[in-house]
J.: 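Dropping a structure here in structure tokens format, bear with me for questions.
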There are 2 protein chains.
Amino acid sequence: MSARVRVEDRECPLSTAMSYVGEWWTMLILHDCFDGYSRFDQFQANIGLSSSMLTARLKTLVDNGILTKRAYQERPVRYEYVLTDFGRSLRPILVAMAAWRNEQLAPSERAMVLVDSETGREVEPVTIDPVSGVSVSDPRFAFRSGPAAGEQMRARYARPRARDV
Amino acid sequence: MSARVRVEDRECPLSTAMSYVGEWWTMLILHDCFDGYSRFDQFQANIGLSSSMLTARLKTLVDNGILTKRAYQERPVRYEYVLTDFGRSLRPILVAMAAWRNEQLAPSERAMVLVDSETGREVEPVTIDPVSGVSVSDPRFAFRSGPAAGEQMRARYARPRARDV
DNA sequence: CAGTATCCTGTCCGATACTG
DNA sequence: CAGTATCGGACAGGATACTG
């Protein structure tokens, strides 16, 4: 999965991520795709947005390389929208969001869960440092400017931190 | 309905998460908070949005229980905004987003990185199932309706999946 | 079925000005 | 410094109508 910066080259990786997945409808369409839905009317039925908006959103997703549009039949020609590898790489973000919400609910209160489909076991995902195995919520982890930091990013991390979070 | 939907209205945990973190500025303010910034002018300098919008966003964040506003001095009274425990629980989402973008870049191209502040080592976070240790990108993991699923959510997952993703 | 096209309303958001 | 108040343009997004 290669780099694909369509939107606007902000140096902050968080801003870049937000420019891809920061829109409400975009995330819901992605959710549909991960669940195996691929067609215009399925999206519309599941999500309930207007056809003009859906058209616009699908176009950005295709332009951004997250979905591909392909004909699944001729005469009349019909299209479906499927995830690219690049699009699939967004899955951990989507899963982390759903997991965040489910953590606040008792298991019996959850409307949607992630499961291991081989066993049916419910999964409660965590985001960790793979080297230490420690959750990224641990205060020992902090952002710093990287090698490609510009002026603003360097300034941001130049001063000592006000407090640990 | 737009992103301004009341949080309780949606049973889908992903939608709920999006209603909290789905806005561009909200995420950037959170990023500032995680980096130890807490004051109005710092947010404004770092993010560069208008004071009226910043006021509005801070208000939503406080109303949603993600930040607390507290006076750090009297005469004149000055406020700062700090993360609640609830706010801190959003960290994995933010980290997962930044990590997603950094994965597309060579290490030397990264403007911002997560580090273990004890050792300075760069961290490349992953979102996994803690039981098996397998990444949530593995196709064996899939969403299903949970115990509290309503009609629509049950219907969504009732039919066999069109394809594995 | 898979969209386009058009209209219309509400909201986002910067700009500007003002306050204690 | 930490906001509040107001204006106005741009655009998100619903509703509706239409098309091959």
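For clarity, every value in this text was computed on a predicted model and none was experimentally measured. So you know, we letter chains A, B, ... as the sequences are listed, proteins then strands, and number each from 1.
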J.: In this structure, how many angstroms lie between the P atom of C:dT4 and the OH atom of A:Y79, rounded?
T.: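 Atom-to-atom, A:Y79 to C:dT4, this comes out as 10 Å.
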J.: Compare the minimum distances between each of C:dC13, C:dA2, D:dG13 and the side chain of B:M53, then state the nucleotide with the smallest one.
T.: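 The listed nucleotide nearest to B:M53's side chain is C:dC13.
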J.: Take A:S52 and B:Q44, find for each the nucleotide of DNA chain D with the closest heavy atom, and name the residue whose nucleotide sits nearer the 5' end.
T.: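 Its nearest nucleotide lies further toward 5', so the answer is B:Q44.
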J.: Between A:R57 (CZ) and C:dG3 (P), how many Å, whole number?
T.: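 In whole Å, C:dG3 P lies 16 Å from A:R57 CZ.
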J.: Taking atom types as modelled, find out whether B:R39 and B:Y72 have a side-chain donor-acceptor pair closer than 3.5 angstrom.
T.: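 On atom types as modelled, these side chains qualify, holding a pair under 3.5 Å.
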J.: Regarding B:R101 and A:Y20, do their side chains bring together a donor and an acceptor under 3.5 Å, going by distance alone?
T.: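 Looking only at side-chain atoms, A:Y20 and B:R101 do not form any donor-acceptor pair under 3.5 Å.
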J.: Once you round it to whole Å, what is the distance between P of D:dA5 and NZ of B:K59?
T.: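 About 12 Å, once rounded to whole Å.
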J.: Can you tell me if the side-chain N/O atoms of A:R39 get under 4.0 Å from OP1 or OP2 in C:dC1?
T.: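 So the side chain of A:R39 is outside the cut-off, no N or O lying under 4.0 Å from OP1 or OP2 of C:dC1.
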J.: Take atom CZ of B:F40 and atom C1' of C:dT19, then tell me their distance rounded to the nearest Å.
T.: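 Rounded to whole Å, this separation is 14 Å.
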J.: Do A:S135 and A:D138 get their side chains close enough for a donor-acceptor pair, meaning under 3.5 Å?
T.: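 No - no donor-acceptor pair under 3.5 Å links their side chains.
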J.: Once you round it to whole Å, what is the distance between P of C:dC12 and CD1 of B:I29?
T.: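 Taking atom P of C:dC12 as the reference, CD1 of B:I29 is at 13 Å.
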J.: On the six-membered ring of A:Y81, is A:K69 placed so that its NZ or CZ lies under 6.0 angstrom from the centre and within 45° of the ring axis?
T.: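 So A:K69 doesn't make the cation-pi contact.
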J.: Tell me whether the OP1 or OP2 atom of D:dG3 has a side-chain N or O from B:K69 closer than 4.0 Å.
T.: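 For D:dG3, OP1/OP2 do have a side-chain N/O of B:K69 under 4.0 Å.
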J.: How many whole angstroms separate atom CH2 of A:W24 from atom P of C:dC12?
T.: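 Roughly 13 Å, once rounded to whole Å.
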J.: Partner of D:dG20 by Watson-Crick or G-U wobble geometry, both contacts under 3.5 Å, or none?
T.: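 C:dC1 is the nucleotide pairing with D:dG20.
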J.: At under 4.0 Å, does any side-chain N or O of B:R78 touch on OP1 or OP2 of D:dG3?
T.: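 So the side-chain polar atoms of B:R78 never come under 4.0 Å of the phosphate oxygens OP1 or OP2 of D:dG3.
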J.: What I want to check is whether an N or O donor and acceptor connect the side chain of A:S51 with the base of C:dT4 at under 3.5 Å.
T.: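 Per atom types, the contact qualifies.
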J.: Specify the residue among A:L49 and B:L58 whose closest nucleotide of DNA chain D lies further upstream toward the 5′ end.
T.: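 Of the two residues, B:L58 wins.
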J.: With B:L14 as reference, evaluate A:N102, A:V95, A:L94 under the side chain to side chain contact (heavy atoms under 4.5 Å, CB included) test and give the passing residue.
T.: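 When side chain to side chain contact (heavy atoms under 4.5 Å, CB included) is applied between B:L14 and each of A:N102, A:V95, A:L94, only A:L94 qualifies.
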J.: Is any side-chain N or O of A:T55 closer than 4.0 Å to OP1 or OP2 of C:dT4?
T.: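 It does, given that an N or O in the side chain of A:T55 lies less than 4.0 Å from OP1 or OP2 of C:dT4.
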J.: Please give, in whole Å, the distance from C:dC1 C1' to A:F43 CZ?
T.: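 So the two atoms are 14 Å apart, to the nearest Å.
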J.: Starting at CG of A:L54 and ending at P of C:dG3, how long is that distance when rounded to a whole Å?
T.: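 Value for this atom pair: 8 Å.
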